[in-house]
Amino acid sequence: MTDFTSKYHNREDIIKLLIREVKKDVRAAYPELVLSPRADLMNTLLTVTEHTGEQFILIIDEWDALCRELDNKPQLMEDYVRLLRSLFKAGNTDRVFAAVYMTGILPIKQYGTQSALNNFQPYSMINPDPIGGCFGFTKEEVKALCQKYDMSYQEMEKWYDGYDMGAAGHIFNPTSVMLAIRKHRFDNYWSQTSSFEAIRNYINMDFDGVKQTIENLLIGNEESVPVLNYGNDRNDINSRDELFALLTHYGYFAYNNSTQAVRIPNQEVRAELLQVVKTGNRPELVRLIKDSDTLLEATLAMDEEYVAEALDTFHGQYATPRFYNNEQALRALVRYAYIGATGSFVPMEELPTGKGFAYVAFIPVQPSGKPVILVELKYADTADTAIRQIKDRRYPEKLAPFTGNLLLVGISYDRETKKHSCKMELFKG
C-alpha cells in the first residue's frame with residue numbers, strides 16, 4: 001500500500017485505481033473465466049470462487065498507508081472504508097477468503113470509523129502474544145548474528161533491545177540491527193526514517209503533562225499511561241494519554257504490562273527523542289536540553305564553578321518544596337540536569353553502597369575518548385568528601401570494564417544556603 005500510495009498520491013480516484021489493478025490481476029490469473037470489468041471487486045472474487053471452488057488468501061502490507069499519508073482527504077477515507085467493509089464484512093466474506101493478513105502501525109479493528117471491522121484478531125506492540133517473536137529479532141537470533149559478524153551483543157542490546165513481547169521475551173529493532181552489522185557501528189539509525197517529522201509534530205502538541213512526561217522518560221523512569229483504552233486513531237489525539245499511547249504503537253516506547261506503564265526501550269530511541277525535542281516547538285523542553293548540553297560540556301571541561309552554579313539553577317527550577325532538602329531530590333536533580341547527556345551517555349545507578357545508591361554514573365555510548373562520568377552526591381557534607389568516598393568504596397574498579405578513564409565529580413548541597421559545591425578529578429585507570 002505504501003508503494004501504491006506514493007505512486008498515486010495526487011489522484012482523487014486512488015481507490016478506484018486500486019480496485020482496477022487488483023481486478024486486472026485476477027482476470028490475468030483466471031483467463032478462462034468471463035469476469036465482467038464492471039463488477040465490483042467482491043463480486044469478481046466471488047465469481048472466481050463459485051467457478052473454481054478456490055478461496056483467496058489476501059495479504060495487505062501497510063494497510064494504513066492511505067490513512068497515514070492521505071488523511072486530509074475525508075472522501076478518500078470514506079471510499080477506502082467502504083472498500084474494506086465490502087470485502088471483510090460482507091455476507092460472502094467467509095466463502096471468498098480463506099484468510100486475510102494485514103500489517104500496519106495501528107490495529108485496524110479500532111482505527112476510527114473502521115471499528116466495524118471487528119472480525120480481525122489484532123496483534124500490536126501492546127498486545128503481541130502469541131506472535132510477539134515475529135515483531136523483530138529475538139535475543140537468540142541477535143546473539144547468533146553478533147557471533148557471526150564479530151559484534152558486541154551487550155552493545156546491540158543496549159542500543160536496539162527493550163521491547164517486551166510477552167511470552168516471546170524481548171525483541172530487537174531488526175532494521176537497526178542489520179544496519180549496525182552492515183556498517184559495523186552502533187548508532188541511531190531510526191532518525192534516517194520518515195517517522196522523524198511525524199514524531200516531532202506529535203510531541204509539539206500542547207497537552208498538559210507532555211513536558212513532564214518527556215522529561216521523566218528521558219531520565220530513565222516509567223510513566224503510567226492507559227494505553228489499552230486508546231482508540232488508535234492518529235487523527236483524533238486529544239490528551240497526553242492518547243498521545244503516548246499512539247507513540248507506543250509507533251514503537252517509540254515500550255509497554256510494561258505488569259506496571260501498565262511506558263518507558264524508553266533503548267539508546268537508539270532515547271537519542272531520537274532528544275533530537276526531536278531539540279528541533280521541536282516546545283521552548284521549555286528545548287531550553288532544558290540546551291542548558292543540559294552546556295552543563296555536560298562544562299563537566300567534561302572540569303569547570304567546577306560553572307557546574308555548581310548550574311546545579312543551583314536546576315535545583316530551583318525542578319525540585320519541589322517537599323523534596324528540596326534530601327538525597328532523593330539531589331539524585332533526581334542530577335538526572336534532570338544531565339538529561340541532555342542521555343543522547344551520548346547511558347545513565348546508570350546500579351552499584352549499591354551501605355545506604356542504597358549514592359551516585360549516578362554516565363557511560364559513553366560510543367568509543368569516543370570521553371571518560372565515564374561518576375557523580376557522587378553528598379547531602380550536608382563536602383564535595384571533597386564525595387571524591388574521597390568514591391575512592392574509599394573503590395567505585396572506579398567496578399566501572400573499569402566500561403572505560404580506562406573516569407571523571408570523578410563530587411557534588412554537595414548545603415541546605416542552609418541552598419547552594420551546591422563541586423569538586424572534580426580525572427582518574428586514570
Side-chain angles (χ1 to χ4, degrees), residues 152 154-155 157-159 218-221 267 270-271 274 291-312 314-315 318-319 326-414 419-429:
S152 167
Q154 287 72 26
E155 287 295 305
E157 191 174 39
K158 179 173 66 180
W159 275 92
L218 282 173
I219 65 173
N221 295 330
Q267 183 58 31
R270 183 177 287 106
L274 274 172
D291 291 345
S292 179
D293 287 344
T294 304
L295 174 62
L296 176 61
E297 293 174 4
T299 303
L300 293 172
M302 300 182 66
D303 189 338
E304 298 171 347
E305 182 178 354
Y306 182 90
V307 170
E309 291 177 355
L311 291 175
D312 289 342
F314 273 97
H315 208 161
Y318 295 106
N326 60 30
E327 290 183 358
Q328 178 183 352
L330 190 56
R331 187 178 300 109
L333 165 69
V334 169
R335 294 296 298 274
Y336 269 113
Y338 287 93
I339 192 171
T342 58
S344 53
F345 289 80
V346 176
M348 174 179 166
E349 298 181 26
E350 296 183 354
L351 296 183
T353 70
K355 297 181 180 179
F357 302 108
Y359 76 87
V360 180
F362 295 93
I363 315 296
V365 298
Q366 294 280 14
S368 59
K370 295 179 181 178
V372 168
I373 301 174
L374 180 54
V375 184
E376 178 65 51
L377 312 169
K378 298 303 291 183
Y379 175 71
D381 212 326
T382 67
D384 287 301
T385 302
I387 295 291
R388 186 168 60 253
Q389 181 172 300
I390 290 175
K391 297 177 180 178
D392 290 344
R393 296 187 178 182
R394 305 176 74 173
Y395 290 155
E397 294 181 13
K398 299 176 182 180
L399 290 170
F402 296 101
T403 186
N405 295 331
L406 286 85
L407 178 58
L408 311 184
V409 182
I411 294 174
S412 66
Y413 175 69
D414 188 322
K419 294 291 183 180
H420 298 80
S421 61
C422 177
K423 182 72 174 179
M424 299 190 193
E425 182 179 322
L426 188 61
F427 184 92
K428 295 186 178 182

Ala383: what forms a side chain to side chain contact (heavy atoms under 4.5 Å, CB included) with it, not counting sequence neighbours?
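Per chain and number, Ala383 pairs via side chain to side chain contact (heavy atoms under 4.5 Å, CB included) with Ser412, Ser421, Lys423.
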Leu274: side chain to side chain contact (heavy atoms under 4.5 Å, CB included) partners, not counting sequence neighbours
Leu218, Ile289, Thr342
Under the side-chain hydrogen bond (donor to acceptor under 3.5 Å, both in side chains) rule, collect the residues that match up with [X], sequence neighbours excluded.
X      : answer
Lys419 : none
Thr382 : Thr385
Asp303 : none
Glu297 : none

Measuring from atom [atom1] of [X] to atom [atom2] of [Y], what distance do you get when rounded to the nearest 0.5 angstrom?
X      : Y      : atom1 : atom2 : result
Leu311 : Leu295 : CG    : CG    : 6.0 Å
Ile339 : Arg270 : CD1   : CZ    : 10.0 Å
Ile411 : Leu333 : CD1   : CG    : 7.5 Å
Phe345 : Thr299 : CZ    : OG1   : 9.0 Å
Phe427 : Asn405 : CZ    : CG    : 9.5 Å
Lys378 : Arg388 : NZ    : CZ    : 9.0 Å

Which heavy atom of [X] sits nearest a heavy atom of [Y], and at what distance?
X      : Y      : value
Val372 : Pro364 : CG2-CD, 3.8 Å
Leu374 : Leu406 : CD2-CD2, 4.2 Å
Tyr306 : Thr294 : OH-CG2, 3.1 Å
Gly410 : Ala386 : CA-CB, 3.7 Å
Leu407 : Leu300 : CD2-CA, 4.2 Å
Ser344 : Leu296 : OG-CD2, 4.2 Å

Tyr338: what forms a ring-ring contact (aromatic ring centres under 6.0 Å, His included) with it, not counting sequence neighbours?
Phe362
Sequence neighbours excluded, which residues qualify as salt bridge (charged side-chain N to carboxylate O under 4.0 Å, His left out) partners of [X]?
X      : result
Glu309 : none
Asp291 : none
Glu304 : none

Check step by step if side-chain contact (heavy atoms from CB on, under 4.5 Å) holds for Val307 and Met424.
CA-CA 10 Å; Val307 170; Met424 299 190 193; 3.4 Å; yes
Report the residue from Leu408, Ile390, Val334 that forms a side-chain contact (heavy atoms from CB on, under 4.5 Å) with Val375.
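It is Val334, the one option of Leu408, Ile390, Val334 that forms the side-chain contact (heavy atoms from CB on, under 4.5 Å) with Val375.
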